[in-house]
J.: 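Have a look at this one.
A quick note: this is a predicted structure, and the numbers were derived from the prediction, not measured.
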Amino acid sequence: MDEDQCRAYWRANTTLIRNLLIVWALVSLVFSILLVQPLNAIRFFGVPFGFWMAQQGSILVFVVLIFTYAFQMDKLDRKYNTKK
């Protein structure tokens, strides 16, 4: 892999990480802490949505983020032929 491909690979890698960290921050900080009171006005499976998001929803989103990262990195590795 030449230097331009290396730069493009790492640019795509850091972009993916940045986007996933933005989602993580939104879920963990904004939805689970800052907006918990307004979200509690919504009922979800019989419990306030803000509470559910802080207790269960954020964990589910984090697991989805892990699988998303693994799937997207596999695509990047294949695109830039980095697997040996």
J.: For Phe51, check ring-ring contact (aromatic ring centres under 6.0 Å, His included) against everything at least two apart and list the hits.
T.: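 None.
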J.: Same cluster for Ile66 and Leu26 if Ile/Leu/Val/Met/Phe/Trp/Tyr side chains link at under 4.5 Å?
T.: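 Cluster IDs for Ile66 and Leu26 differ.
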J.: For Val36, is there any backbone N or O sitting under 3.5 Å from a side-chain donor or acceptor partner on Asn40?
T.: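 Indeed, once roles are kept as given, a pair shorter than 3.5 Å links the two residues.
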J.: Kindly write out the residues that satisfy side-chain hydrogen bond (donor to acceptor under 3.5 Å, both in side chains) with Arg11, not counting sequence neighbours, or none if the list is empty.
T.: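 Testing Arg11 for side-chain hydrogen bond (donor to acceptor under 3.5 Å, both in side chains), a comparison that skips the adjacent residues, returns none.
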J.: Using the ring of each side chain (for Trp, its six-membered ring), is Phe44 parallel, tilted or perpendicular to Phe49, with breaks at 30° and 60°?
T.: perpendicular
J.: Just verifying a value: how many Å separate Leu39 CG and Trp52 CH2, rounded to the nearest 0.5 Å?
T.: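 Atom-to-atom, Leu39:CG and Trp52:CH2 are 11.5 Å apart.
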J.: For Ser32 versus Ala54, what's the shortest heavy-atom pair and its separation?
T.: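 What the structure gives for the nearest pair is OG-CA, 3.6 Å.
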J.: Check side-chain contact (heavy atoms from CB on, under 4.5 Å) between Trp24 and all other residues, then give those that pass, not counting sequence neighbours.
T.: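 Scan of Trp24 (side-chain contact (heavy atoms from CB on, under 4.5 Å), adjacent residues dropped) gives Leu21, Ser28, Phe62, Leu65.
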J.: Quick one: pull up CG in Leu60 and CE in Met53 and give me the separation to the nearest 0.5 Å.
T.: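 Here the rounded value is 8.5 Å.
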J.: Nearest 0.5 Å please: distance from the NZ atom of Lys75 over to the CG atom of Leu16.
T.: 10.0 Å
J.: What distance do Thr14 atom OG1 and Tyr9 atom OH have between them, rounded to the nearest 0.5 Å?
T.: 11.0 Å
J.: Would you say Val27 ends up clustered with Phe45 if hydrophobic residues are merged whenever their side chains have heavy atoms under 4.5 Å apart, either directly or through other cluster members?
T.: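 Same cluster: Phe45 reaches Val27 through Ile, Leu, Val, Met, Phe, Trp or Tyr contacts under 4.5 Å.
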J.: Under a single-linkage definition using a 4.5 Å side-chain heavy-atom cutoff for Ile, Leu, Val, Met, Phe, Trp and Tyr, are Ile59 and Leu20 assigned to the same hydrophobic cluster?
T.: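 Cluster IDs for Ile59 and Leu20 differ.
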J.: Kindly indicate whether the side chain of Leu76, heavy atoms from C-beta on, has any atom under 4.5 Å from the side chain of Gln72.
T.: no
J.: Using the rule that Ile, Leu, Val, Met, Phe, Trp and Tyr join whenever any side-chain heavy atoms are under 4.5 Å apart, tell me whether Val61 and Val63 fall into a single cluster.
T.: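 The answer is no; the residues belong to distinct hydrophobic clusters.
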J.: Is there a continuous path of hydrophobic side-chain contacts, each under 4.5 Å between heavy atoms, that joins Val64 to Phe71?
T.: no
